[in-house]
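In the text below, chain A, chain B and the rest are named by the order of the sequence lines, each starting its count at 1. All values derive from a computational prediction rather than experimental measurement.
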Amino acid sequence: MVGRKDEQSLARGTSGGAAAPGPVPGLLDGLNPPQREAVTCAEGPLLILAGPGSGKTRVVTQRIAWLITERGARPEEILALTFTNKAAREMRERVERTLDAARMWISTFHAMCARILRREIELLGGWTRDFSIYDTSDRNALLKSVVKASGYDLTRYRPGLVGGWISAWKNTREPGSLPPAEGGMDDEVLGRVMRAYSQALRSNNALDFDDLLLKVLELFDGHAGVRDAYASRFRYVSVDEYQDTNRVQYLLTRHLSSYHGNLAVCGDPDQSIYAWRGADLRNILDFERDFPSPRVVKLEQNYRSKGNILKAAHALIRANSARKEKALWTESEDGDLLTVLECADENDEAREIALQVRALALGGVPYDSIAVFYRVNFMQRALETQLRLARVPYQIVGGVEFYARREIRDLVSYLKLAVNPNDDVAFRRVVNVPRRGVGEQSVERLMSWALDRRVPLLEALRSPEALESIRGRARAGLAAFGELLGRLAEARELPASSALELLLEEIDCDSWLAQMDDDDAGAEREANVDELVTHAREYDRLYPDGGLRGFLQDIALVSDVDGLREGSGGVALMTLHSAKGLEFPVAIIAGLEEELLPHFRALAEGEGDAGLEQERRLLYVGMTRARERLLLTWAANRLHFGQESSRLPSRFLDEIPPELIEGLEHDRDGERDPLGVFEAPEGEYASLKVGDAVEHDHFGRGRVELLQGSGVNARATVCFVDHGNKQLLLQYARLRLSR
DNA sequence: AAATCCGCGTTTTTT
DNA sequence: ACGCGGATTT
């Protein structure tokens, strides 16, 4: 029930799906003319400009089906690139409903590049196929040692900032132009650090996220044969969310489609929200120049949102000056007005949201058809607290990353080290895990020994001479560590789960977790480890040939465990960025305040209004996730940096025509009608009490006689004036309090 | 080498 | 307000 696209038309079109080539009855059924045009355009460049809710995903997946069944394409000739794992997973699932997608490449840019490099990287020299992938925190750890070793001040050249700068440089690659160095950092120094960092990556046999793409580009640029092998294999290339691609991704796309020239991209300039990480709108705006005489299809009919929601979103986005006007329209009725709630502070806001959610739930709206969006992750906390108090089930999408937990990172580092003995970052992370008496001093000593001989730490460890130089307990500890890794070496060729189990045994997981911290988190850590094992087993089952290397690659590129679980029964909580591509019957957007949405950082940077306009697009994306109902909230005070500050409503609220908004009276006593369904009793959450007078759409007026059960099973026995006693499931009966 | 203390930055968004 | 990293104790 949750957040999946195009529910409007799922029932149609796919009924006659078949994996075998041949005409598929109904493949084009239920498609409107532009959608049909896009689906059936197989050859040459194709640009699909798709407004929100216009059935874009459906078109892309149907098009793949069309290519297979009508144009005789083989699955292995299909390459579909997405921007996020979520999008890739969803597209694969959708395609699999009618076809065997196993041999298609449906993945993110990063995953595709990792896959290519596993095969080809040795052509570049300096890396082996066992290379590690460094995420942001690995990158920062490496940068820290690089900055330190180069003798620069770590407070001035903070790894995170330096890393951001390097990443910006790699992603834009504007010839001759460097990203501006912020925070008192010096260009010269940054350049030096960057070179040292690149060198360090190479000696660690590692690549960061940006390198995954860049190395493939390098490969394609330098080895036409390899380039052509891939370009000729992929007869049909498609790229989703093209407005979010950066320069490097654009160049990759060019290469990949260079042989057959069948490139279909789709996107929406109004939904471009990733300029900060190098996304370049010119890619989509200049598509017609880059890939001459393309077919251009506009999908402008919205099947998702009620009229008022669409009108409001459109009014908002029209305030952007740098855009092409689109004629979005819908056949849907106007529906409810938007609701704007002013709240006292962030807790009041969260409480209000919890209350509205409960009211909706009592009115028959399942929790998992409701989503709450926010600009920045820290807003999650207050929402969680209040939802928990209100006993509203919720789930967080994205957010705190599973693989960021310490115990998980440690285990993964061990596995990485087993596969890639050059990975010093992993080595340093686990050399004293579990505690074996190896402190910083000893590691420093080993490091300098290794550095002198330009040898990885693990190799230094194998040298008796190096060990001699370590004193006391640390020597024994290091020796033990070395032996452990020796035994772990066999894990390299094992299935992921077996490798992990071997590791858990070797480090005596239970006692490790027990000694890790005596405070609270023990049980949770244990559960996390169990989940990692489950993941590994799942991976082995799904990809029997993947092995430990494949598993490691997978988790390096998937930050959040699983995103949204369908039918989980909970309200979905996520950032506006994570919301892209999803839809919900009810969307609630919190924190519509100046400085927050638009975010002050966005306002500060960039030429002219670029930052502001991107913030507006972000809200536009959020608003257009809603099907039936849209609720916007803001708080007059908010705790920020531990300090209360008073806030102003977002200018974006003024850009929504007032006649589309129903403002709920703000009343200090909390007595406002939650979406007109229930009134909240003072100091409590909305609920029915025995004796309440109620109204039902069908049965009219009555009085509550009895309340039983809870949650989805909550039932009320109501004595109706005209229909006598009825037992009603509160989840479905739209009971209203009557006064 | 481990435990405790203190000060600083943090809060944009993701692969 | 919080967590991390570095510095300072034990």
Side-chain angles (χ1 to χ4, degrees), chain A residues 81-88 107-114 133-141 144 148 154-155 158-161 164 167 170-171 183 207-214 241 244-246 248-249 272-279 346 373-382 397-401 403-404 406 432 435-443 471-474 477 515 517-518 553-560 563 574-580 591 595-605 611 614-615 617-619 621-622 638-644:
Chain A
L81 291 171
T82 64
F83 203 61
T84 62
N85 293 305
K86 204 162 58 186
S107 76
T108 63
F109 273 97
H110 288 83
M112 171 193 72
C113 289
I133 297 173
Y134 282 180
D135 66 15
T136 309
S137 77
D138 296 323
R139 177 196 76 185
N140 292 347
K144 184 177 161 192
K148 209 189 222 169
L154 270 171
T155 55
R158 226 169 316 125
L161 280 181
S167 179
K170 286 180 175 177
N171 277 311
L207 299 175
D208 65 20
F209 282 144
D210 305 316
D211 286 343
L212 287 176
L213 308 194
L214 282 171
E241 307 283 12
D244 285 329
T245 52
N246 64 27
V248 178
Q249 289 162 332
S272 153
I273 54 176
Y274 285 103
W276 51 272
R277 58 185 268 199
E346 75 277 1
F373 308 140
Y374 35 84
R375 176 65 234 263
V376 289
N377 270 316
F378 80 87
M379 295 174 65
Q380 183 188 306
R381 175 177 305 186
V397 180
V400 200
E401 295 168 16
Y403 291 102
R406 194 168 69 220
N432 200 28
R435 297 258 129 94
R436 47 174 78 86
V438 181
E440 199 161 347
Q441 292 289 310
S442 322
V443 177
R471 15 185 64 272
R473 182 185 309 203
Q515 64 141 70
D517 40 14
D518 25 4
Q553 173 169 316
D554 225 51
I555 61 186
L557 297 173
V558 182
S559 47
D560 53 307
M574 70 190 86
T575 63
L576 283 163
H577 283 84
S578 304
K580 188 154 78 163
E595 312 279 84
L596 194 53
L597 184 62
H599 194 274
F600 69 101
R601 291 283 303 260
L603 293 176
E605 72 197 29
Q614 168 147 295
E615 295 293 294
R617 290 195 292 268
L618 194 52
L619 177 57
V621 166
R638 193 177 290 276
L639 206 57
H640 210 227
F641 293 151
Q643 263 187 341
E644 190 88 358

Closest approach of A/Leu596 to A/Met379 (non-hydrogen atoms, all atoms of both residues) = CD2-SD, 3.8 Å
Please state whether the phosphate of B/dA3, meaning OP1 or OP2, lies under 4.0 angstrom from any side-chain nitrogen or oxygen of A/Arg435.
-> yes
A/Arg473 near the nucleic acid: base, sugar-phosphate alone, or nothing, with a heavy-atom cut-off under 4.0 Å?
-> nothing
Pick base, sugar-phosphate or nothing for A/His110, based on heavy-atom distances below 4.0 Å to the nucleic acid.
-> base
side-chain N/O A/Arg139 vs B/dT14 OP1/OP2, d < 4.0 Å | no
Protein-nucleotide distance (A/Phe378, atom CZ; B/dG9, atom C1'), rounded to Å | 15 Å
Selection from B/dA1, B/dT15, B/dT13 that lies nearest to any side-chain heavy atom of A/Ala474 | B/dA1
When you check the phosphate oxygens OP1 and OP2 of B/dA2, does a side-chain N or O of A/Asn432 lie under 4.0 Å from one of them?
-> yes
Establish whether the base of B/dT14 is bridged to the side chain of A/Ser578 by a donor-acceptor pair shorter than 3.5 Å.
-> no
Phosphate-side-chain proximity, A/Thr155 and B/dG7, N/O vs OP1/OP2 below 4.0 Å | no
Under 4.0 Å between any heavy atoms, over every strand shown, what does A/Gln441 touch: base, sugar-phosphate, or nothing? Just pick one.
-> sugar-phosphate
What's the shortest heavy-atom distance between A/Phe109 and A/Leu81, and which atoms?
-> CE2-CD1, 3.6 Å
Under 4.0 Å: is that the gap between some side-chain N or O of A/Ser442 and OP1 or OP2 of B/dA1?
-> yes
Smallest heavy-atom separation, A/Gly591 atom then A/Leu597 atom, equals O-CB, 3.8 Å
For A/Thr84 against A/Thr82, the heavy-atom pair lying closest together = O-OG1, 3.1 Å
Which part of the nucleic acid does A/Arg436 contact within heavy-atom distance under 4.0 Å: base, sugar-phosphate only, or nothing?
-> nothing
Side-chain N or O of A/Lys148 closer than 4.0 Å to phosphate OP1/OP2 of C/dG6 = no
How many angstroms lie between atom NZ of A/Lys144 and atom OG of A/Ser137, to the nearest 0.5 angstrom?
-> 12.0 Å
Check every strand shown and say whether A/Lys580 touches a base, only sugar-phosphate, or nothing at a heavy-atom separation below 4.0 Å.
-> nothing
Across the strands shown, which category fits A/Tyr274 at heavy-atom distances under 4.0 angstrom: base, sugar-phosphate, nothing?
-> sugar-phosphate
Grab the CG-P distance between A/Leu618 and B/dT13 for me, whole Å please.
-> 11 Å
